[in-house]
Number of protein chains: 2
Amino acid sequence: MPRRADPERIAQKREQIAVEAGRLFAAQGYDRTSVAEVAKAVGTSPASVFYYFEDKASLFRAVFERDLPAAEALIARHVEAPDPVTAILDVLDALARDAADPSASGMLIELLRRAGDDPELLAVVGRTANVLREGLAALISRGITEGAIDPDLDATETAAWLQAIVDATYLNARPGHSPHIELHRTVLGYLNPPQGRQEEPNG
Amino acid sequence: MPRRADPERIAQKREQIAVEAGRLFAAQGYDRTSVAEVAKAVGTSPASVFYYFEDKASLFRAVFERDLPAAEALIARHVEAPDPVTAILDVLDALARDAADPSASGMLIELLRRAGDDPELLAVVGRTANVLREGLAALISRGITEGAIDPDLDATETAAWLQAIVDATYLNARPGHSPHIELHRTVLGYLNPPQGRQEEPNG
DNA sequence: GTCTATAACGAGATAGAC
DNA sequence: GTCTATCTCGTTATAGAC
């Protein structure tokens, strides 16, 4: 016996549809997943899905709206850490954690693809990306101050580049292969002050 | 006055259609680009396009079939270079050259997306990627032998990772931003023997 | 070899009963 | 709130004239 207009129940159903849609979008892609399939997976009709979501695009966006609080929590957990370089590695590890999962890889690809067509989606993921970039940039700045990171690096540019490298680990995902070792070596090699890589500036 | 059954003319027309299709696929994506649009762009009819290509998927593949000879030539140009590390950087620079072009970035995404659905496409790009990976691995091996690259690295794994880094430059593409500086610093920091990054193995 | 015309199909979205 | 039924549109691909 469904209570009438129960807002909690509505939110629950929305969530359920979004989760099921996310699964299908990741596995098959956006265009190749019909709203009818999503409805079937959740045990309802297409019309019902359109009751909870304005259109198919907003259904896709819902999957990524869940990422923002997670990103904020991740940064909050590490921004005050004693060693900034270790904190950067921990954040990147967390971001790359799902890289081995092929469906996560598929979802990133769909995201990159749809972001060009849907400005609202771009705004949603842009907010999440900004939180991560600013958090990483703060850690990088602190690492520079403490002498652990090359002062010639621009904190924000470097943060963006590290994010791109994490994304690349998703695109290069192979089952049973964890990107952590390569990721750590890459990041440390990039951030380190240029000892050994170049000669002393003024002999 | 079209000559009848002129094979050169056929190849030319195929090429023309493939080029126009590549432009549209990169800008709009595979699913959102209809064969009718491609036909219009090339000044002909959908039926004519289907005369030159078996189906839409083979039209997409044609765009990437052109990459294999280019990859082979690129590797051949650098595999005998005197300094392997410089040669690696030159190859990666060439691969990242198009990263600033946003349509090239879009095409990479469409490729990743379609490769999961089209085994023949996967084979086509797999051949190109293998040529590049093996060429890079050969240069890495030589760099290890000559002491310029950390001997703890596996040549083939490292080559694959460098390819992923190149992909990252595409993901980080912004107008007016050249990826070369980040790319060089990343690659050199990764390949270098571990001087300065870690302590002596046995004090 | 290239066209016009259209077949065959499935998509997103809506109407209106209940 | 959720359903059945359907509308409308665009897609790939083909048939057949020329």
Side-chain angles (χ1 to χ4, degrees), chain A residues 1-25 27-63 110 113-114 117-121, chain B residues 1-25 27-63 110 113-114 117-121:
Chain A
M1 52 187 76
R3 307 168 199 156
R4 48 196 171 169
D6 183 340
E8 191 187 340
R9 183 136 194 92
I10 288 183
Q12 237 174 356
K13 189 90 183 182
R14 252 187 82 99
E15 175 83 1
Q16 187 193 357
I17 294 172
V19 167
E20 227 40 66
R23 225 192 297 279
L24 287 166
F25 286 148
Q28 308 178 345
Y30 180 83
D31 288 291
R32 294 175 65 102
T33 300
S34 68
V35 177
E37 275 179 288
V38 175
K40 194 172 185 180
V42 82
T44 184
S45 68
S48 178
V49 172
F50 282 109
Y51 174 79
Y52 289 97
F53 293 91
E54 194 187 340
D55 53 17
K56 192 183 175 184
S58 82
L59 179 55
F60 187 75
R61 281 197 299 272
V63 178
E110 288 305 307
R113 164 122 163 39
R114 295 270 325 146
D117 295 338
D118 183 347
E120 274 195 71
L121 174 62
Chain B
M1 50 185 77
R3 307 173 198 152
R4 50 198 168 170
D6 184 339
E8 191 187 340
R9 185 136 194 94
I10 289 184
Q12 236 173 358
K13 188 89 182 184
R14 252 188 83 99
E15 175 84 1
Q16 186 194 357
I17 294 172
V19 167
E20 225 44 62
R23 225 192 298 278
L24 286 166
F25 286 148
Q28 309 179 345
Y30 179 84
D31 287 291
R32 293 175 66 102
T33 301
S34 69
V35 176
E37 275 179 287
V38 175
K40 193 172 184 178
V42 81
T44 185
S45 68
S48 177
V49 172
F50 281 110
Y51 174 78
Y52 288 99
F53 293 91
E54 194 186 343
D55 54 19
K56 193 183 175 186
S58 83
L59 178 55
F60 187 75
R61 282 197 299 272
V63 178
E110 287 306 308
R113 163 124 165 37
R114 292 275 320 149
D117 295 338
D118 182 347
E120 273 194 71
L121 174 62

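If you're wondering where the values come from, they're calculated on a predicted model, not measured in any experiment. Only this structure's heavy atoms are used, side chains among them; waters, hydrogens and symmetry mates stay out. In the text below, chain A, chain B and the rest are named by the order of the sequence lines, each starting its count at 1.
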Problem set entry | Spacing between A/Ile10 atom CD1 and D/dG1 atom C1', to the nearest angstrom | 8 Å

Exercise. How many angstroms lie between atom CZ of A/Phe25 and atom CG of A/Leu59, to the nearest 0.5 angstrom?
Worked result: 4.5 Å

Problem set entry | Inter-residue atom distance B/Glu20.CD - B/Ile17.CD1, 0.5 Å rounding | 10.0 Å

For this session: Drop me the distance from B/Ser45's OG to B/Lys40's NZ, to the nearest 0.5 angstrom.
Result: 13.5 Å

Exercise. Which ones in residues 45-53 of chain A lie close to DNA chain C, meaning a heavy atom under 4.0 Å from one of its atoms?
Worked result: A/Ala47, A/Phe50

Problem set entry | Gap separating the CD atom of A/Glu37 from the CZ atom of A/Arg32, nearest 0.5 angstrom | 9.5 Å

For this session: Please report, rounded to the nearest Å, how far the P atom of D/dT11 is from the CZ atom of B/Phe60.
Result: 18 Å

For this session: Mind calculating the distance between NZ (B/Lys40) and P (C/dT4) to the nearest angstrom?
Result: 13 Å

Exercise. Under the side-chain contact (heavy atoms from CB on, under 4.5 Å) test, which residues partner A/Ala36, sequence neighbours left out?
Worked result: A/Ser34, A/Pro46

Problem set entry | From C/dA13, C/dC3, C/dG12, nucleotide with atom closest to A/Ser34 side chain | C/dG12

Exercise. Roughly how far apart are B/Arg14 CZ and B/Tyr51 OH, rounded to 0.5 Å?
Worked result: 11.5 Å

Exercise. Does a salt bridge link A/Glu110 with A/Arg113, judged by any charged N lying under 4.0 Å from a carboxylate O?
Worked result: no

Exercise. Atom CZ of A/Arg32 to atom P of C/dG12: distance rounded to whole Å?
Worked result: 13 Å

Problem set entry | Polar side-chain atom of A/Lys56 near backbone of A/Tyr30 as donor-acceptor pair, under 3.5 Å | yes

For this session: Starting at atom CG of B/Asp55, determine the distance to atom C1' of D/dT12, rounded to an integer number of angstrom.
Result: 9 Å

Problem set entry | Integer-rounded Å distance: D/dA13 C1' and B/Glu54 CD | 12 Å

Exercise. Among residues 16-23 of chain B, which residues get a heavy atom nearer than 4.0 Å to DNA chain D?
Worked result: none

Exercise. Hey, what do you get for CZ (B/Arg61) to CG (B/Asp55), rounding to the nearest 0.5 Å?
Worked result: 6.5 Å

Exercise. Once you round it to whole Å, what is the distance between P of D/dT11 and OH of B/Tyr30?
Worked result: 13 Å

For this session: Measure the distance from NZ on B/Lys56 to C1' on D/dA13 and round it to the nearest whole Å.
Result: 12 Å

